[in-house]
Amino acid sequence: MSRYNFKETETRWQAVWEDKATFAVTEDSSKPKYYVLEMFPYPSGNIHMGHVRNYTLGDVVARYKRARGFNVLHPMGWDAFGLPAENAAIANNTAPATWTRDNIATMRRQLKGMGMSYDWSRELATCEPKYYKHEQKMFLDFLAADLVYRKESWVNWDPVENTVLANEQVIDGKGWRSGVDVEKRKLNQWFLKITAFADDLLAELGNLNRWPDRVRLMQENWIGRSEGAFIRFDLVGRDDRLDVFTTRHDTIFGASFMAVAANHPLSLEMAEKNPGLKDFIAECARLGTSEAAIETAEKMGFDTGLRVRHPFIEGKELPVYAANFVLMEYGTGAIFGCPAHDQRDLDFARKYGLEVVPVVAPKDADAASFDIGTVAFTDDGLHINSDFLDGTTVADGKADIARRLQAAGTGEPTVNYRLRDWGVSRQRYWGCPIPVIHCGDCGIVPVPAADLPVALPEDISFDGPGNPLENHPTWKTVDCPQCAKPAQRETDTFDTFFESSWYFARFTDAQNEDQGFSRAAANYWLPVDQYIGGIEHAVLHLLYSRFFTRALKQCGYLDIKEPFAGLMTQGMICHETYRDESGKWLTPEQAEGRAGVTIGRSEKMSKSKMNVVDPEIIIAAYGADTARLFMLSDSPPDRDLDWTDSGVDGAWRYMNRLWRMITEPKMALPEKGAGQPARLSQSAENANRAIHKTVAAVSGDLDKFHFNKAVARIRELTNLLDDLDPSAGGAPWALRQGLEAVVRLIGPMLPHIAEELWRELGHDVMLSDTPWPDVDETLLVDDTVTVAVQVNGKLRGTLDLPKGVDAGVAEKAALELPRVIEAMDGKSPRKVVIVADRIINVVI
RNA sequence: GCCCCUGUGGCGGAACUGGUAGACGCGCGGGAUUCAAAAUCCCGUUCCUUUGCGGGAGUGGGAGUUCGAUUCUCCCCGGGGGCACCA
């Protein structure tokens, strides 16, 4: 019995594809284009199972679309800047550049061993000056277009990584990588005006109909648009006012207090001469943004002593509290409290004994007796206790108040966003230098375009604390481009999300030295038709890329604003976990055959739980095709996938079975291209129909990325072919048809063995260059159909009936079934429901 | 707290817009082949009941709509995710 030699076969076909540049593409107006892209990896050292899954999914799409006649762009590159390189530099005394390039070499070799259909001529690494010089130019263009600004601001400082984190990178008050508590510091930062596009970023989500709903929802929540109003309250005894943002301006008559953030300018000012307030502010700062602290903290406030005048009630004054539940970062950092209609305000008012006046009541409630207990009333209703608003709805009340505020010049309707501008400065070495120069006389001066790139020095030292760019003897010293006096380079580098915000465009024209990409190439290939990657990038990377594309459009780089037309997010790879008697984690190898091992539930593969399986070992033992098949079988792409040894065995078994069925067929196969015999036996005819049905079904499954279903259908056809009776007329012909179909259908998933078997079947043209099989539509429709027969909704039998048979005939046949007669127990049918070609339900 | 997703055999998962629940695979049981094993092949495999034919129950739980519900509606329970004093 022959055994499939995957090692020899896989390396041989990989070499063929590489020699023939099978997957290299150029713009070609004769074919529809299709751009499939997987999120490029950070070159951490080795590929892991998550990569294998991600890139297998993308490769199936790429190969399938190619077979369907598309001009497919399928590139790969490296997200090569980032902290781990610096950490490795410190730990191993290697230069970040060397470490990164070595890792890229390793991972490139591993990816090539997976048989991915990449156009390697477009490979890029973001840490190379020939890549980042273009984004330095983009930054300068953004600066000129007023999409960039610099401001001193409170930032999230990660004390372990010694760097600033974006709000998005702070998770539960901790650094997203280091996991330690984030501190607040004030630094000068570069910001990109993502908020300038907030409305458009939100509105266009509605058109991204090939994105998962949940990702769109997450971005929608992140942008956090809310319609409301600014209201200016006059401060009593002072010349200034307190600005407030609210979405419930209709409840203004129920206002009983004001609350400002602890770090609001007014709180800070009043704290100067109020030690109690000062202590309160310090306490709020101690609480910080740490999730656990805030969650358990009850609503607290401190009277600043200030009072404001109510804008609509003559002579009414409201106290101004500093409160721990008001955020300086949102709105104006100040609110008016209306306890009756906001739960937080109610909790606060009850605690400090403030007035609770209901100003909205349910339509059928009695205004005089309507009362608020411990639950705020937040539904719609009619206004009460509200002077001129009485009897109006919430919506009408809002409109009326807004009109009056505007007329009086004390406020106006406004839209507020949760989204904040993107801080891109990082106090890090291994990133793209921000191309500006600080001059004592001229201030901030952009580096002239002709002087780009501002290249990172590679002769650096990590011996001292802080940023090696600061410590480099000469790098930051430069003459001012404007006045020629000695000046200094900016030593901050970009957030690495900067590089990944445009790499998809670079792939369209990766070798272009003069520009990041030509407009023509970008306009031909973009948007990415199918983007594939992890759900963890649902907000950060995807939102930044959407913004960046808009900014590039505004600066004349390209003509689209949405970079990714289709998005698929893949689930995690999980594996059982193992512990020994003492509770220590064990690797799967250590756990095998060992006594006293506790098997834990399947969890995401992670080094800390030691439940990782190295793809390289799997590929060495079973080959890339087996790993790919396993990744595609069973679990739909967006769900988590359980890695099991038996599942891998199953995939391996299928490969060998297919191999045997073709290299040692049960019956002599007719020559390639042999015509259909004049007469087919029933079983050959059925097989032929099954082949065409399978091709149609698998095509549909792949169009919808239902890879697990496609695999199941191909296996089903394989089973049927294996059961073909050699003595039946036309069986050998049907078998050849079927085997060829199976090989072609499985080709995008198992490219190596499929190429090999395709050649074994006598074909000279590579499978990779062979179009997708055609379907004979006439064979998809059967002349008879199996109809279920129920009595009172319970299945009592089935009938094989001619398709489209007359209802009367069907009913008669159904009522004659012995088991139907039995179930009817002598009663006559009250009603017979007949759904043509589907079901007959006899109701008695 | 708010929002979203999800719940089907021992396991991963199928089931088109309401129409034969459990495709396909894994695992398990039995058998063939073998000196023996590996590999391979065949049969069985939701549960209860029945010697077999059958019968009954069944898609987290409870109600509802319908001739008919895994699918639609409402309530409850479990699992997962996002956001969070967002005004």
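We use all heavy atoms of the structure for the numbers below, so side chains are in, but hydrogens, waters and symmetry mates are not. Residue numbers start from 1 in every chain, and the chains themselves are labelled A, B, ... in the order their sequence lines are given, proteins ahead of strands.
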Atom CD1 of A:Ile335 and atom P of B:C85: how far apart are they, to the nearest Å?
-> 13 Å
Mind checking whether A:Asp250 and A:His341 have side chains closer than 4.5 Å, heavy atoms only?
-> no
Nearest whole angstrom, please: distance from the C1' of B:U40 to the CG of A:Asp722.
-> 11 Å
Grab the CE-P distance between A:Met661 and B:U40 for me, whole Å please.
-> 15 Å
Euclidean distance for P, B:A38 against B:G55 (whole angstrom) | 41 Å
Scan residues 701-717 of chain A against RNA chain B and write down, sorted by residue number, each residue with any heavy atom closer than 4.0 Å; if none is found, say none.
-> A:Asn708, A:Lys709, A:Ala712, A:Arg715, A:Glu716
A:Asp723 side chain: which of B:U20, B:C42, B:C83 is closest?
-> B:C42
Base, sugar-phosphate, or nothing for A:Thr644, non-hydrogen atoms under 4.0 angstrom?
-> nothing
C1' spacing across the pair B:U46 / B:C85, given as an integer number of angstrom = 49 Å
Can you check each nucleotide of nucleotides 50-73 of chain B against protein heavy atoms at under 4.0 Å and return B for base, S for sugar-phosphate only, - for none, in 5' to 3' order?
-> -----SSS---------BS-----
From the options B:C26, B:G81, B:U20, select the nucleotide whose nearest atom is closest to the side chain of A:Ser646.
-> B:C26
For residues A:Asn209 and A:Arg216, is any side-chain donor paired with an opposing acceptor at under 3.5 Å?
-> no
Looking for any heavy atom pair under 4.0 Å, which part of the strands does A:Arg830 touch: base, sugar-phosphate only, or nothing?
-> nothing
For nucleotides B:G60 and B:A69, find the distance between their C1' atoms and express it as a whole number of Å.
-> 16 Å
In whole Å, what separates the P atom of B:G27 from that of B:U49?
-> 28 Å
Just how far, in rounded Å, is P of B:C2 from CG of A:Asp347?
-> 13 Å
Taking it one step at a time, do A:Met655 and A:Ile746 satisfy side chain to side chain contact (heavy atoms under 4.5 Å, CB included)?
-> CA-CA 10 Å; A:Met655 301 246 308; A:Ile746 206 82; over 6 Å; no
Which residues satisfy the ring pair (Phe, Tyr, Trp, His ring centres under 6.0 Å) test with A:Phe233, sequence neighbours excluded?
-> none
Establish, with yes or no, whether the OP1 or OP2 oxygen of B:G27 is under 4.0 angstrom from a side-chain nitrogen or oxygen of A:Arg653.
-> yes
Base, sugar-phosphate, or nothing for A:Val326, non-hydrogen atoms under 4.0 angstrom?
-> base
Would you indicate whether the side-chain heavy atoms of A:Arg232 and A:Glu412 approach each other to under 4.5 Å?
-> yes
Euclidean distance, atom NZ of residue A:Lys666 to atom C1' of B:C42 [Å, nearest integer] = 11 Å
Among the nucleotides B:C41, B:G19, B:C24, which one has an atom lying closest to any side-chain atom of A:Arg657?
-> B:C41
With sequence neighbours left out, the residues meeting side-chain hydrogen bond (donor to acceptor under 3.5 Å, both in side chains) with A:Asp199 are A:Arg225, A:Tyr417
Residues in residues 630-643 of chain A with a heavy atom under 4.0 Å of RNA chain B, by number, are A:Asp634, A:Ser635, A:Pro636, A:Arg639
Return the value, rounded to whole Å, for the distance between atom CD of A:Gln219 and atom P of B:C83.
-> 12 Å
How should the glycosidic conformation of B:G9 be described, syn or anti, under the criterion that syn lies within 90° of 0?
-> syn
If you measure from the P atom in B:C3 to the same atom in B:U65, how many Å do you get, rounded?
-> 28 Å
Take A:Glu576 and A:Lys609 through the salt bridge (Lys or Arg N to Asp or Glu O under 4.0 Å) test and state the conclusion after the steps.
-> CA-CA 10 Å; A:Glu576 274 182 342; A:Lys609 288 182 178 152; over 6 Å; no
For the pair made of CZ in A:Arg660 and C1' in B:U40, what is the distance, rounded to whole Å?
-> 6 Å
Check the pair A:Arg660, A:Asp722 against salt bridge (Lys or Arg N to Asp or Glu O under 4.0 Å), reporting the backbone distance first and the verdict last.
-> CA-CA 11 Å; A:Arg660 282 194 307 273; A:Asp722 213 8; over 6 Å; no
For B:A15 and B:C24, measure between their C1' atoms and round to the nearest Å.
-> 12 Å
Which stems does RNA chain B form, counting runs of 3 or more consecutive Watson-Crick or G-U wobble pairs with both distances under 3.5 Å?
-> B:1-7 with B:77-83, B:10-12 with B:24-26, B:27-32 with B:40-45, B:46-49 with B:54-57, B:60-64 with B:72-76
Base, sugar-phosphate alone, or nothing: which one does A:Asn719 contact when heavy atoms must sit under 4.0 Å apart?
-> sugar-phosphate
Nearest-angstrom distance, C1' atom, B:A57 to B:A21 = 13 Å
Select base, sugar-phosphate, or nothing to describe what A:Gly331 touches, counting heavy atoms under 4.0 Å on all strands.
-> nothing
Can you tell me how far P in B:G80 sits from the matching atom in B:A39, rounded to whole Å?
-> 37 Å
Pair of N/O donor and acceptor under 3.5 Å linking B:C16 base with A:Arg838 side chain | yes
Working for salt bridge (Lys or Arg N to Asp or Glu O under 4.0 Å), residues A:Arg248 and A:Asp342 | CA-CA 9 Å; A:Arg248 287 303 302 274; A:Asp342 182 289; over 6 Å; no
Are A:Ser633 and A:Tyr654 linked by a side-chain donor-acceptor pair shorter than 3.5 Å?
-> no
Examine the side chains of A:Thr195 and A:Asp421 and answer whether a donor and an acceptor come within less than 3.5 Å of each other.
-> yes
